[in-house]
Number of protein chains: 2
Amino acid sequence: MEFANDVPLSPLSFLRRMVDLDGDGIGVVTDTGERVTWARLADRAERLAGRLRELGLGEGDRVAVLAPNGVPLLEAHYGVPGAGCALVALNTRLAPDEYTQLLRLSGAKVLIVDQSLVAQVAEAGSGLCAVVVIGEDYEDWLRTSDPVPLRLPSDERQPLAVNFTSGTTAGPKGVVYTHRGAYLNALGQVVSTGLQASSRYLWTLPMFHCNGWCYTWAVTAAGARHITLRKVDAARAFELIEQEAVTHLSGAPVVLDLLVQASGGARFAQRVQFAVGGAPPSPAAIAAMAGIGIEVTHLYGMTETYGPSLMCVPRPEWPELGPEKRAKLMARQGVRTVNVESARVVTPEFEDVPPDGETLGELVIRSNTVMAGYLDNPAATEAAFAGGWLHTGDVAVRHPDGYVEVRDRLKDVIISGGENIASIEVENALLDHEAVAEAAVVAKADSKWGEVPVAFVRLRAGAEVSDVDLISWLRGRLAHFKVPRDIRFAELPKTSTGKIRKAELRKLAE
Amino acid sequence: MEFANDVPLSPLSFLRRMVDLDGDGIGVVTDTGERVTWARLADRAERLAGRLRELGLGEGDRVAVLAPNGVPLLEAHYGVPGAGCALVALNTRLAPDEYTQLLRLSGAKVLIVDQSLVAQVAEAGSGLCAVVVIGEDYEDWLRTSDPVPLRLPSDERQPLAVNFTSGTTAGPKGVVYTHRGAYLNALGQVVSTGLQASSRYLWTLPMFHCNGWCYTWAVTAAGARHITLRKVDAARAFELIEQEAVTHLSGAPVVLDLLVQASGGARFAQRVQFAVGGAPPSPAAIAAMAGIGIEVTHLYGMTETYGPSLMCVPRPEWPELGPEKRAKLMARQGVRTVNVESARVVTPEFEDVPPDGETLGELVIRSNTVMAGYLDNPAATEAAFAGGWLHTGDVAVRHPDGYVEVRDRLKDVIISGGENIASIEVENALLDHEAVAEAAVVAKADSKWGEVPVAFVRLRAGAEVSDVDLISWLRGRLAHFKVPRDIRFAELPKTSTGKIRKAELRKLAE
């Protein structure tokens, strides 16, 4: 209920505001040159909401969208919750079986799918009451709809979106976002990344990743401009950065590396900021981007935190440091954003680890921008919230300057003789050896030590090195208890998205 | 109750965060050169909270502070709500009787008063359980206290502060702010005025005005720096802008004019933004400030909206316009800030007036940043919220570009033959005449027209003009029905703060 002094917090308000403030202003520019005003974007969202209401959908219902970045997926971020439903934005790179599973888990009643992806969901549509295809009937469906105003939820804690985790271990889980959480994380993103009305945001990040880290709403909140990009094509991205005076973009390190490879060395007239997340940026990428005038910032988050919740805020003294040292500091996950109440690194008894940059603990978070829970999965929700904190499953240290650095996934930590060994630390030491192309370190049960580390190593083509040589190399770099005595040379098994399957390696190590 | 995904919104979180992020960083610089870290500011606030708890104060209690801008008044914005109490920051320019009245109305149990103002409250302290004097016992009182952590409220809608309106007509009213509202307005201020971690905010605005338009919390939210100024001394302000690399300051037009008079013509190295509120900036002040590199922005708000709720956001095309035209556009109150849900100009039946820049209506607002209500005054609260909107009491037009311009106070509008006459419009036309120093136009009852306008005019020293000449001058500028036929030459009665007493003039006009 809206009243003079009490209005549900919802990112829908941001679009309603831009229609009032600057309805004829351009809110979206597509990579095909289409220019969409805020009023038109809102009208399209209202037509989408109208269609969903007409189909009988409302509070408690879910609508799935499977589409690359573009106006339809963006408008669904307003039209779907504007009809009272929750949006399920699906990853565009999954297999047909996975779509069948996710559509079933989500309970979506309507699927909006891009023409290019229809074949992937050919068998998934059986339980749906409507399937609409972007590039075929979608535009007509919108055009002939009776628009309904985007309605704020009756309760700001009502679901707004469901985003599925990749679920490498226990299968995918649907992470429920609320209007309140998305509103606050969007404002947090505006503050953290300094979005202003003059900003131009290039969509190199998929909108289906945590609703584009809430940029789908944050860019609108700032009254900035969305520049959509259907496919990450580095050459096209550079053209758009120049033509559309882009100031902000973001993505995983792989996107950053793509840009680095394609960069011609030209600097941009405007200040450009690339926010990298998912993994730390490499020193080489930071330096290369700086060379063409793109400033790299590092964000940390996860699906369960609406995307970013920590930021490696640059300190005034860092620019004076050398590029290697600076990159090392920037690779840390950093400090909590303004909307996050608390981010601690704790022992299993919830005691804070000392800020010594060495003692491992689990990163736990408390924030209005932590998910409502996992969809239809109270057991997993309860486990994630044990003790009243979100357990990130990330093992981290806190440095003397207060910055958090993630060292490993909790389940990948090896506990040997009562000491924690971060598998990533050992892997990084192995990767420093010139012969090593890939490395993965996992635990093996041991009667004396509890667990001991086992390393799986793939060598570079033509390179040769013995396990004894590698062990000796590691002993020069790591405490002895961290050094695996068992090193095996092999190809490493991977998921479709390129993650190493450590569960499989653990079985091999037994 | 705090939980993994649900934390009460409170500006106290902003200070807790800065302690974690940058405890050793400088949060406050005083005009005497004292530099206070975030950790020390928080420690002092926690000591203040400890003292209040020790005195038995908590939820539902109020603590008054009467002090100029400085560390004690700033820390009270955290320590008082951190003990569960509401802060009553008193205007430093009132008379002893007024303090007696406000302390009684507020029900404050503790008064913290600056040494320089003790005489003003000598007789007001009878109902208080403690009076502490800054410059005498206050520092000892803090130093020997047991600090308690700043506790978040159990409910984010709990009172955080009470600010008294000047109450020219019906006596002062205590406007109640909540933790939720202050949190959201502070974030809104960060977004609207572009505060960043590198920003430096100079306190030319009194912190007792709507808690410094929520800058007391917004500057901390941004991780920026407070530069406190005990007294608005233009020369000292310019020194501090240069020495402390100030980027943001704000105040009423009178402060802006003070700066204009004292400006030596030197430009600053950094970009400086002056946010003016309370009344529009003059074209001359905008131009003079631009000459020394200070950009003026115009905010609109009132005590009932936690300070700013509209902003005259500059449009891209404005810089190309001439200074007079630009100043005219900038004098408008503008568009709602990101945290405000709706700001409409409506008829008494809540129909929006057409956006024609002419039709008068009342500005009404709906926002989480509208007060909880008037303290112990349900009748006034109900009247202010009639129909579910905050009635600002300001009569405005909406321009074709959507910008709102306030034309008059509702109670000063003259309704003649069914037509609305904004008294300010007629006054401005009179002030355009070179002989006129001051003008006030009020309604007089009329049997034929309902009301007719009567003008009171003070001429410049030595100037001469007849009422017939002024009427003829007005007829060349205004619709005939707006032109007063009754013009009286007189001194204009004023309040202690310089506002013209229109109620008195209405009696004279009868």
- Message: So which residue, A:Val335, A:Leu184, A:Asn368, ends up with the most heavy-atom pairs under 4.5 Å with chain B?
- Response: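 Maximum pair count with chain B is reached by A:Asn368.
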- Message: Which atoms of B:Leu152 are under 4.5 Å from chain A, going by heavy atoms: the side chain, the backbone, both sets, or neither?
- Response: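 Side chain of B:Leu152 only, per the 4.5 Å heavy-atom cut-off to chain A.
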- Is it the case that A:Thr220 and A:Tyr78 place a side-chain donor and acceptor less than 3.5 Å from each other?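 A pair is found: one side chain offers a donor N or O, the other an acceptor, under 3.5 Å apart.
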- Indicate yes or no for a side-chain donor-acceptor contact from A:Thr305 to the backbone of A:Gly301 under 3.5 Å, with no hydrogens or angles considered.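 Not confirmed, A:Thr305 side chain does not pair with A:Gly301 backbone.
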- Message: Taking side chain as everything from C-beta outward and backbone as N, CA, C, O, which of these in B:Leu21 sits under 4.5 Å from a heavy atom of chain A? Side chain, backbone, both or neither.
- Response: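 Both parts, heavy atoms under 4.5 Å.
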- With sequence neighbours left out, write down each residue that passes side-chain hydrogen bond (donor to acceptor under 3.5 Å, both in side chains) with A:Asn339, or none if nothing qualifies.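 If we apply the side-chain hydrogen bond (donor to acceptor under 3.5 Å, both in side chains) test to A:Asn339, skipping adjacent residues, the hits are A:Asn185, A:Thr337, A:Thr369.
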- Side-chain donor-acceptor contact under 3.5 Å, A:Ser367 with A:Glu341: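 No, no side-chain donor-acceptor pair sits under 3.5 Å.
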- Message: Restricting to ring pair (Phe, Tyr, Trp, His ring centres under 6.0 Å), what partner residues turn up for A:Tyr374, sequence neighbours left out?
- Response: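 Testing A:Tyr374 for ring pair (Phe, Tyr, Trp, His ring centres under 6.0 Å), a comparison that skips the adjacent residues, returns none.
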- Plane angle bin for B:Tyr215 and B:Tyr201 - parallel if under 30°, tilted between 30 and 60°, otherwise perpendicular: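 Parallel, since the angle between the ring planes stays under 30°.
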- Query: Within residues 386-394 of chain A, which positions have a heavy-atom distance to chain B below 4.5 Å?
  - Reply: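 Residues A:Gly388, A:Trp389, A:Leu390 are the ones that qualify, each having a heavy atom under 4.5 Å from chain B.
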- Item | A:Arg332 side chain to A:Leu329 backbone, donor-acceptor under 3.5 Å |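 Checked: pair present.
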- Query: What's the spacing between B:Lys173 NZ and B:Met371 CE if we round to 0.5 Å?
  - Reply: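 Answer for the NZ-CE pair, B:Lys173 versus B:Met371, is 8.0 Å.
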- Choice from B:Arg180, B:Arg157, B:Glu304, B:Arg315 maximising heavy atom contacts with chain A below 4.5 Å: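 Most pairs with chain A among the choices: B:Arg180.
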- Partners passing ring pair (Phe, Tyr, Trp, His ring centres under 6.0 Å) against B:Tyr177 (at least two apart in sequence or in another chain):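 In terms of ring pair (Phe, Tyr, Trp, His ring centres under 6.0 Å), with neighbours along the sequence ignored, B:Tyr177 is linked to B:Tyr306.
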- Query: By a 4.5 Å heavy-atom criterion (distance strictly below it), what part of B:Arg16 contacts chain A: side chain, backbone, both, or neither?
  - Reply: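 Interface part for B:Arg16: both.
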- Message: Would the distance check show the side chain of A:Ser192 and the main-chain N or O of A:Gly188 forming a donor-acceptor pair, the cut-off being under 3.5 Å?
- Response: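 Yes, the answer is positive, given that a donor and an acceptor are paired below the 3.5 Å cut-off.
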- Item | Residue part contacting chain B, namely of A:Val338, when any heavy atom lies under 4.5 Å |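 Both backbone and side chain.
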- Task: Identify which part of B:Met18 has an atom lying under 4.5 Å from any heavy atom of chain A, answering side chain, backbone, both or neither.
- Result: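 Interface part for B:Met18: neither.
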- B:Asp401 versus chain A, heavy atoms under 4.5 Å apart: side chain, backbone, both or neither?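 The backbone, not the side chain.
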- Query: For A:Leu195, is it the side chain, the backbone, both or neither that has a heavy atom under 4.5 Å from a heavy atom of chain B?
  - Reply: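 Neither part, no heavy atoms under 4.5 Å.
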- Just wondering, are more than 12 heavy atoms of other shown residues or ligands nearer than 6.0 Å to CD in B:Glu382?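 12 or below, so no.
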- Among A:Asp22, A:Val191, A:Ile365, A:Val313, which residue forms the greatest number of heavy-atom pairs with chain B at distances under 4.5 Å?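 Of the candidates given, the most pairs with chain B belong to A:Asp22.
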